[in-house]
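Here the structure comes first, spelled out in structure tokens, and everything after it is commentary.
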Amino acid sequence: LLADLEALPPIAQRPEGPGALDESTGLRSLRMASVSVGTLHKLKDFRDVFTEVTTELFLGGVGCAQDEELLRKHSISHIINVAGGVAPNFFPDQFVYKRISLQNTPSEDIYSLLYDVVEFIQDAVESGGRVFVHCMQGSSRSASLVLAYLMWRDALSYDDAYRYVRYLRAVCSPNPGFEAQLREWANHMLMGGERGGVQLAAHERNRLYSIMPHNPNDRSVIVGKVVKHELMRSSMGPRNCFVLVAPEAGVVFLWLGLRVPDRYVRKAHHVVAQLQHYEGAPARVVEVEQGDESPEFWEALMANQESYAV
């Protein structure tokens, strides 16, 4: 995509709108209270617009997701339904679906889903498939996941990926929270793993992930969420599971509660593999059972918690 990007005008030359760039913060703001009637009509109009992002990746709204003839015309084989809370998988017997229930709010977590989405798309592409990603309008939720894939595939910055997709689809406008998470993710994703070709720097801060349902109202999707607060010992219960990445110690700890569900353990191993592959996390993995923690584990956990202590 780099050659294509060189031919595009800079973001600043694009018309102002709900996804306009705030130069003082570097983030786009939705400013929905001041959105014009024309912009609202444009959002509605794009619900049925099928956008080809790459030859294997397409972006659109719920109108396209309901059009089997359109999907067949473009040889779609896989579909990511990002509005799973309100939109069903319309043709479950005809396509391979990944259903995600996301709210289009800045506080919604997409970070924990990004590597799973990248893997789903890449597996489909490598098998000769084509992927359609949709939410309701194809502007924020689904667009954010498409941006993430392009950022990973072509080692693009958020701004370059956004500029490319916005050129193809004028309503592409991730909300400020999604944008902030994509920028943070890029910093970790591009620093190591297969892209950087090196392990995480020893001085990189320890990171703790809690293995848990992505949505408390839908416990079918299990993810590894970054813990960004001080962890109380009482939170380490028998049904909990944590992944602790400690670059300085050269180890990844996998902490298992005494009665942790098997699917949480499987997901924890998957999260570890993703962090090793994409971010260059240490190859050494140590499983730690509740009540049998070593001094090395507590030292690594305390190093992580010092970042959030008041």
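Note: hydrogens, waters and symmetry copies are ignored here, and every other heavy atom, side chains too, is used.
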* **ring-ring contact (aromatic ring centres under 6.0 Å, His included) partners of Phe132, counting only residues at least two apart** =>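 If we apply the ring-ring contact (aromatic ring centres under 6.0 Å, His included) test to Phe132, skipping adjacent residues, the hits are Phe50, His134.
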Heavy-atom closest pair, residues [X] and [Y]:
| X | Y | result |
| --- | --- | --- |
| Pro174 | Ser140 | CA-OG, 3.6 Å |
| Gly84 | Ser101 | C-OG, 3.5 Å |
| Ile110 | Gln181 | N-OE1, 2.9 Å |
| Leu145 | Ile100 | CD1-CD1, 4.2 Å |
| Arg284 | Gly250 | CB-O, 3.5 Å |

* Structure fact -> Residue pairs passing the salt bridge (charged side-chain N to carboxylate O under 4.0 Å, His left out) test with at least one member in residues 110-123, sequence neighbours excluded, are Asp116-Lys267
Value rounded to 0.5 Å, distance of [atom1] in [X] from [atom2] in [Y]:
| X | Y | atom1 | atom2 | answer |
| --- | --- | --- | --- | --- |
| Leu102 | His214 | CG | NE2 | 5.0 Å |
| Tyr209 | Lys225 | OH | NZ | 14.0 Å |
| Arg130 | Ile79 | CZ | CD1 | 13.5 Å |
| Glu299 | Asn206 | CD | CG | 9.5 Å |
| Ile222 | Met212 | CD1 | CE | 9.0 Å |

Scan side-chain atoms only and decide if [X] and [Y] contain a donor-acceptor pair under the 3.5 Å cut-off.
| X | Y | value |
| --- | --- | --- |
| Trp152 | Gln122 | no |
| His269 | Gln274 | no |
| Arg166 | Tyr162 | yes |

For [X] and [Y], indicate whether the former's side chain and the latter's backbone hold a donor-acceptor pair under 3.5 Å.
| X | Y | answer |
| --- | --- | --- |
| Ser210 | Val227 | no |
| Arg169 | Val49 | yes |
| Asn240 | Gly237 | yes |
| Gln290 | Leu256 | no |
| Asn175 | Gly177 | yes |
| Asn89 | Pro92 | no |
| Asn81 | Ala87 | yes |
| Tyr164 | Val53 | yes |

* Asked: Centroid-to-centroid, Tyr115 to Trp185, below 6.0 Å?
  -> yes
* To do: Kindly assign one of parallel, tilted or perpendicular to the pair Phe95 and Phe91, based on the angle between their ring planes and the thresholds 30° and 60°.
  => perpendicular
* To do: State whether Glu69 and Lys73 are salt-bridged, where the test is any N-O pair (Lys NZ or Arg NE/NH1/NH2 against Asp/Glu carboxylate O) under 4.0 Å.
  => no
Quick one, [X] and [Y] - any side-chain contact, counting heavy atoms below 4.5 Å?
| X | Y | answer |
| --- | --- | --- |
| Val265 | Glu287 | no |
| Val252 | Val286 | no |
| Val125 | Thr54 | no |

* Taking salt bridge (charged side-chain N to carboxylate O under 4.0 Å, His left out) as the test, write out the residues that go with Glu68, two or more places apart. => Arg72
* Please test Leu244 against Trp255 for side-chain contact (heavy atoms from CB on, under 4.5 Å), starting from the C-alpha separation and ending with a verdict. => CA-CA 8 Å; Leu244 175 59; Trp255 187 92; over 6 Å; no
